Amino acid sequence: MANLEKHIENIQGFGLPPVVTLNFFPTDTDEEIDAVKKLCEEKNIRFALSKVFADGGAGGIELAKAVEDAFNEPVNFKLTYSDDESISEKISAVAKKIYGADGVDYTSAAKKQIDELEKLGFGKMPVCMAKTQYSLSDDAAKICRPKNFRITVREVKVSAGAGFIVVILGNILTMPGLPKRPAAEKIDITPDGIISGLF
């Protein structure tokens with residue numbers, strides 16, 4: 001619930017009306033559903049039960065109506081940072097406002113990379129933070145809504161074609177780029193079900 005509360009705060013921080021949906025499965029209990037619904041009611045947040053898993057498209061009507069209602073609300077959209085801020089200021093804004101971190105630490109390599117990117121004129125680009133999906137921190141073991149933590153920026157690189165700077169936090173691994181002819185193109189299956197080209 002603490003994690004959900006933080007995500008609600010983040011959406012509200014952008015000046016947008018949040019909609020919380022619970023992706024219902026037949027094994028969910030009434031107590032579980034009521035706990036999420038109660039939190040939303042206490043915070044005056046729209047809640048919708050999505051039963052798409054069990055009922056297909058018809059099970060998503062309640063959610064669709066809740067999103068439609070949210071679209072009809074006036075919004076006061078605001079960004080987490082401005083383009084004019086430095087790369088470090090943008091990273092700090094995301095870390096503090098979105099993750100709830102106390103601050104940011106940088107490896108010496110990351111500091112050099114940021115300086116270089118600023119000198120090369122990439123400082124106006126937005127940042128895209130790459131971190132573990134298991135936590136609001138850069139530490140997968142800090143689940144729920146961690147408090148009293150700092151994040152570590154390990155590496156910073158530009159994705160010029162995509163138009164943003166990639167900020168790599170903690171021990172996260174990123175996918176390597178594909179060669180001109182990906183190995184997947186060599187995979188085949190015969191009519192009798194024999195697969196070749198996997199390795």
Side-chain angles (χ1 to χ4, degrees), residues 1-21 36 39-40 42-46 66-67 70-178:
M1 291 302 188
N3 195 324
L4 175 58
E5 286 182 271
K6 178 58 178 155
H7 287 293
I8 290 170
E9 288 173 20
N10 287 346
I11 296 298
Q12 291 173 325
F14 289 112
L16 300 172
V19 176
V20 173
T21 186
V36 177
L39 174 72
C40 293
E42 288 171 357
K43 296 190 166 294
N44 199 26
I45 302 295
R46 284 183 182 85
V67 171
F71 270 118
N72 292 323
E73 269 190 36
V75 298
N76 181 23
F77 183 72
K78 41 193 173 244
L79 298 171
T80 304
Y81 54 78
S82 74
D83 290 340
D84 294 330
E85 291 181 74
S86 70
I87 295 170
S88 295
E89 288 171 328
K90 292 172 186 174
I91 293 169
S92 181
V94 173
K96 292 178 179 178
K97 294 177 185 177
I98 303 299
Y99 304 154
D102 294 335
V104 182
D105 298 316
Y106 297 87
T107 63
S108 57
K111 286 180 185 176
K112 288 177 189 172
Q113 291 161 345
I114 289 171
D115 288 343
E116 188 65 24
L117 291 177
E118 295 275 7
K119 285 177 191 168
L120 291 172
F122 294 112
K124 302 286 185 199
M125 285 185 164
V127 295
C128 176
M129 311 279 267
K131 67 169 193 60
T132 178
Q133 73 270 32
Y134 297 111
S135 175
L136 286 164
S137 75
D138 59 0
D139 180 351
K142 292 180 179 168
I143 58 172
C144 293
R145 183 181 185 171
K147 300 218 186 264
N148 306 314
F149 70 95
R150 297 177 66 84
I151 62 167
T152 300
V153 175
R154 187 184 85 223
E155 184 181 350
V156 180
K157 57 187 178 181
V158 67
S159 287
F164 54 76
I165 292 165
V166 180
V167 180
I168 300 173
L169 306 180
N171 296 322
I172 190 79
L173 297 176
T174 56
M175 295 290 286
L178 293 174

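This structure is a prediction, so every number in the text was calculated from the model and none was measured.
- The backbone N or O of Ser82 lies less than 3.5 Å from a partner atom in the side chain of Glu85, making a donor-acceptor pair.
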* Given the rule in the side-chain contact (heavy atoms from CB on, under 4.5 Å) test, do His7 and Leu136 qualify, once you have shown the distances and angles that lead to the verdict? -> CA-CA 10 Å; His7 287 293; Leu136 286 164; 4.1 Å; yes
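- Within the 4.5 Å cutoff, the side chain of Leu169 has heavy atoms near those of the Val153 side chain.
- A donor-acceptor contact shorter than 3.5 Å links the side chain of Asp138 to the backbone of Thr152.
- Across all non-hydrogen atoms, the minimal contact from Pro17 to Ala70 is CG-O, 3.5 Å.
- Between Phe14 atom CZ and Ile98 atom CD1 the span is 4.0 Å, to the nearest 0.5 Å.
- Note: Lys96 NZ to Asp102 CG = 8.5 Å, rounded to the nearest 0.5 Å.
- Side chain to side chain, Ser88 and Ser86 fail the donor-acceptor criterion of an N or O pair below 3.5 Å.
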* Asked: Can you list the steps and then say if Val158 with Met125 is a side-chain contact (heavy atoms from CB on, under 4.5 Å)?
  -> CA-CA 9 Å; Val158 67; Met125 285 185 164; 3.7 Å; yes
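- Side-chain contact between Ile45 and Gln12 is present, with heavy atoms from C-beta onward closer than 4.5 Å.
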Which atom pairs, donor and acceptor, lie under 3.5 Å between side-chain atoms of residues 109-122 and protein residues at least two apart or in another chain?
residue	atom	partner	partner atom	Å
Gln113	OE1	Val156	N	2.8
Glu118	OE2	Ile87	N	2.8

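- For the side chain to side chain donor-acceptor pair (under 3.5 Å) test, residues two or more places apart in sequence or in another chain that qualify with Lys6 are Asn10.
- In this structure, Lys90 contributes its side chain and Lys124 its backbone to a donor-acceptor pair below 3.5 Å.
- Here the closest non-hydrogen pair linking Ala93 and Tyr81 is CB-CB, 4.1 Å.
- Taking Asp105 as the reference, Arg150 meet the salt bridge (Lys or Arg N to Asp or Glu O under 4.0 Å) condition, with sequence neighbours excluded.
- Scanning both residues, Val104 and Ala95, for their nearest heavy atoms gives CG2-CB, 3.6 Å.
- Lys97 is linked by a salt bridge (Lys or Arg N to Asp or Glu O under 4.0 Å) to nothing, counting only residues two or more places apart in sequence or in another chain.
- Scored by the salt bridge (Lys or Arg N to Asp or Glu O under 4.0 Å) test, Asp83 finds no partners at all (sequence neighbours excluded).
- The distance from the CD1 atom of Ile91 to the CE atom of Met129 is 6.0 Å, given to the nearest 0.5 Å.
- Ile151 and Ala101 make their closest contact through CG2-CB, 4.3 Å (heavy atoms, listed as atom of the first residue, atom of the second, distance).
- Not counting sequence neighbours, Ser108 has no partner by the side-chain contact (heavy atoms from CB on, under 4.5 Å) test.
- Atom SG of residue Cys128 and atom NZ of residue Lys157 lie 11.0 Å apart, to the nearest 0.5 angstrom.
- Atom CG of Leu39 and atom CG of Leu4 lie 5.5 Å apart (nearest 0.5 Å).
- Atom CD1 of residue Ile8 and atom CG of residue Asn3 lie 10.5 Å apart, to the nearest 0.5 angstrom.
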